[in-house]
Amino acid sequence: MARVVLAMSGGVDSSVAAHLLQAAGHEVIGLFMRHGEKSAVAACAAPAAESLLPLLSPRLDHKQGCCSASDAEDARRVADRLDIPFYALNFEEEFARIIDYFVDEYTQARTPNPCVMCNNWLKFGKLFDYADSVNAEFVATGHYARLVAGRMYRGRDADKDQSYVLFGVRPEYLARIMLPVGDFTKPEIRARAGQLGLRVADKKDSQEICFVTSGDHGEFVRQRRGDQDTSGEFVLTDGTVVGRHSGIEQFTIGQRKGLGIAFGEPRYVVRIHAEQRQVVIGTHAELARSELTAGRTNWLAPPPAEPFRGSVQIRYNSPATPAWITPLHGARLRVVFDEPRHGVAPGQAAVCYREDQVLGGGWIE
């Protein structure tokens with residue numbers, strides 16, 4: 001069988017993935033990716049004993065993240081339990097690139113998706129460099145998606161499907177990727193972990209950006225952008241000024257909560273103008289968009305030259321909806337939805353599907 005480098009996050013999915021690969025006869029090498037971003041509490045704490053792992057306290061927002069020191073210890077215990085080699089690698093420099101992208105996008109009134117970038121640049125990027133250095137044929141993760149005959153498909157568990165965040169994988173890597181949990185449901189994976197006696201069987205899923213340890217995205221961006229002032233006006237769609245905000249990085253298209261303005265009826269962020277530093281507020285109807293364009297496309301299957309029917313997903317937690325999809329020159333695509341969509345946000349990914357197959361996608365302009 002093959003030598004496989006497995007990205008182990010300390011969660012139940014990658015832990016059971018290690019078992020499944022091992023049970024299939026593969027030689028598994030577990031890797032944990034350290035990002036080096038400390039929480040505000042940890043940054044003030046006294047140094048602990050020398051360790052291969054960073055000193056990190058629990059998240060200040062009390063939500064489950066990933067890539068913390070406790071996650072690394074969970075991953076190490078699983079590796080010990082399964083008797084596979086385990087290494088914690090320092091990816092702080094590579095994560096810095098993702099953090100820069102995150103800050104730049106919010107500062108430019110776009111909504112970033114660092115999980116997609118982490119998959120593109122690290123899990124299915126840098127890990128291949130490591131795999132090559134140890135003569136490993138495959139890289140594996142605990143993502144809920146499936147690979148069949150060199151094509152990517154949604155995971156069998158529709159509620160946990162993660163194929164959306166994998167659209168940017170380089171197509172030439174598909175033949176070297178393994179996704180062991182994609183054919184299972186989450187309850188089945190947790191049950192398997194319980195049967196194996198793994199402590200992570202009931203561990204909560206990660207919910208937030210791993211490096212935003214405070215849970216406050218706006219504050220995280222403000223701390224890293226320097227002295228740049230992004231405060232400005234709240235305006236209605238007719239241009240009426242209705243208030244001021246402290247920075248555009250706090251907002252995303254479709255946002256309703258946290259505006260700090262009472263209208264007597266639900267209002268949403270419908271546009272953000274970076275140059276004018278304006279946040280445009282409107283009704284749910286004004287949020288609707290019937291079409292979009294996306295750039296920097298990546299196709300996992302050759303797209304037709306002419307417009308074709310498919311479904312398009314515009315957010316990780318939103319359903320894919322029927323649309324006409326037209327590949328354009330310059331690595332771009334155009335999507336015309338059958339029904340208007342709400343919350344189309346520049347900076348997010350528009351991922352195209354044919355039934356359960358991931359065709360590819362691009363970044364919303």
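Numbers here simply count residues along the sequence, with the first being 1. As a basis for the values below, the full set of heavy atoms in this structure was taken, side chains included, without hydrogen atoms, waters or symmetry mates.
- Because its NZ or CZ atom is not both nearer than 6.0 Å to the ring centre of Y101 and within 45° of the ring axis, R97 does not count as a cation-pi partner of that residue.
- Judged by distance alone, the side chain of T185 and the main-chain N or O of E188 form a donor-acceptor pair under 3.5 Å.
- Put simply, the side chain of N298 gets close to the backbone of V169: a donor and an acceptor are under 3.5 Å apart.
- The backbone N or O of R277 sits nowhere less than 3.5 Å from a side-chain atom of E275 that would complete a donor-acceptor pair.
- Residues I98 and P112 fail the side-chain proximity criterion, which asks for heavy atoms closer than 4.5 Å.
- Evaluation of the ring pair (Phe, Tyr, Trp, His ring centres under 6.0 Å) rule for F167 yields W363 as partners, not counting sequence neighbours.
- Heavy atoms only, all atoms of each residue included: N120 and G168 are closest at OD1-C, 3.2 Å.
- Residues P171 and W299 form no side-chain contact, since every pair of their non-hydrogen atoms from C-beta on lies 4.5 Å or further apart.
- If you chain together hydrophobic residues whose side chains sit under 4.5 Å apart, F184 and V148 never meet in one group.
- Note that the CZ atom of R334 and the CH2 atom of W324 stand 12.0 Å from one another [nearest 0.5 Å].
- Within 6.0 Å of the CZ atom in R3, the count of heavy atoms belonging to other residues, nucleotides or ligands exceeds 12.
- The backbone N or O of F220 lies less than 3.5 Å from no partner atom in the side chain of Q223, so there is not a single donor-acceptor pair.
- Using a 4.5 Å heavy-atom threshold, the side chains of L287 and I253 count as touching.
- Here the closest heavy-atom approach between residue A274 and residue I248 is recorded as CA-CD1, 4.0 Å.
- One finds a salt bridge joining R77 and D74 here, because a Lys/Arg side-chain nitrogen approaches an Asp/Glu carboxylate oxygen to under 4.0 Å.
- E73 contributes atom CD, which lies 10.0 Å from atom CG of D71 (distance to the nearest 0.5 angstrom).
- A320 and S311 make their closest contact through CB-OG, 3.7 Å (heavy atoms, listed as atom of the first residue, atom of the second, distance).
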Test side chain to side chain contact (heavy atoms under 4.5 Å, CB included) on R192 and L20 and set out the steps. CA-CA 10 Å; R192 184 70 66 94; L20 293 171; 3.3 Å; yes

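- Although no hydrogens or angles enter the test, the distance criterion places no donor-acceptor pair under 3.5 Å between the side chain of Q22 and the main chain of E27.
- With a 6.0 Å radius and a threshold of 12 heavy atoms from other residues, nucleotides or ligands, D238 has its CG atom above the threshold.
- Residues T141 and F124 are in side-chain contact: their nearest non-hydrogen atoms beyond the backbone lie under 4.5 Å apart.
- By the 4.5 Å heavy-atom criterion applied to side chains, D338 and T321 are not counted as neighbours.
- Under the 4.5 Å side-chain heavy-atom criterion for ILVMFWY residues, no single connected hydrophobic cluster contains both I364 and V351.
- Cluster membership check: L31 shares its hydrophobic cluster with W121, using side-chain heavy-atom separations under 4.5 Å among Ile, Leu, Val, Met, Phe, Trp and Tyr.
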Pair I314, R341 - check side chain to side chain contact (heavy atoms under 4.5 Å, CB included), show working. CA-CA 9 Å; I314 60 169; R341 297 304 317 277; 4.0 Å; yes

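- Heavy-atom neighbours of E172 CD from other residues, nucleotides or ligands within 6.0 Å: above the threshold of 12.
- Just one residue in the list Q228, R225, H217 forms a side chain to side chain donor-acceptor pair (under 3.5 Å) with E249, and that residue is R225.
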Would Y144 and V181 count as a side chain to side chain contact (heavy atoms under 4.5 Å, CB included) here? Give the steps. CA-CA 6 Å; Y144 284 84; V181 306; 4.2 Å; yes

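- Of the charged side-chain nitrogens involved, at least one lies within less than 4.0 Å of a carboxylate oxygen, so that K186 and D205 count as a salt-bridged pair.
- For C352 against V312, the heavy-atom pair with the smallest separation is SG-CG2, 4.2 Å.
- Heavy atoms only, all atoms of each residue included: A145 and L166 are closest at CB-CD1, 3.8 Å.
- Although no hydrogens or angles enter the test, the distance criterion places a donor-acceptor pair under 3.5 Å between the side chain of T283 and the main chain of E286.
- The two residues G10 and K203 have their closest heavy-atom pair at O-NZ, 2.9 Å.
- Taking the side chain as every heavy atom from C-beta outward, Q278 and R271 never approach each other to under 4.5 Å.
- One finds the CD1 atom of I281 at 12.0 Å from the CD atom of E233 (value rounded to the nearest 0.5 Å).
- Atom CE in M178 sits 7.0 Å away from atom CD in E137 (nearest 0.5 Å).
- Side-chain contact check for I177 versus F128: some heavy-atom pair is nearer than 4.5 Å.
- For D83, the CG atom counts as loosely surrounded, since its 6.0 Å shell holds 12 or fewer non-hydrogen atoms of other residues, nucleotides or ligands.
- Cation-pi geometry between R154 and Y353 is met: the NZ or CZ atom falls under 6.0 Å from the ring centre, inside 45° of the normal.
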Given side chain to side chain contact (heavy atoms under 4.5 Å, CB included), test K160 with I189 step by step and report yes or no. CA-CA 11 Å; K160 292 296 181 180; I189 292 298; over 6 Å; no

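- Linking Ile, Leu, Val, Met, Phe, Trp and Tyr residues whenever their side-chain heavy atoms come within less than 4.5 Å places I325 and V344 in a single cluster.
- I84 has its side chain within reach of M8: a pair of non-hydrogen atoms, C-beta onward, lies under 4.5 Å apart.
- No donor-acceptor pair under 3.5 Å is formed between the side chain of R256 and the backbone N or O of Y268.
- The environment of E265 atom CD is dense: over 12 non-hydrogen atoms of other residues, nucleotides or ligands sit within 6.0 angstrom.
- Put simply, CD on Q357 and OH on Y153 are 4.0 Å apart, with the number rounded to the nearest 0.5 Å.
- Shown here are the ring pair (Phe, Tyr, Trp, His ring centres under 6.0 Å) partners of F91, two or more places apart in sequence or in another chain: there are none.
- In this structure a side-chain-to-backbone donor-acceptor pair under 3.5 Å is missing from R224 to I99.
- Clustering ILVMFWY residues whenever any of their side-chain heavy atoms sit less than 4.5 angstrom apart, transitively, puts L179 in the very cluster that holds M33.
- For H245, the ring pair (Phe, Tyr, Trp, His ring centres under 6.0 Å) test picks out F234, F251, with sequence neighbours left out.
- Checking side-chain atoms of E365 against main-chain N and O of L292 turns up no donor-acceptor pair under 3.5 Å.
- We find the OG-CD distance between S318 and Q348 to be 9.0 Å, quoted to the nearest 0.5 Å.
- Checked by atom type and distance alone, the side chain of R156 never pairs as donor or acceptor with a backbone atom of R146 at under 3.5 Å.
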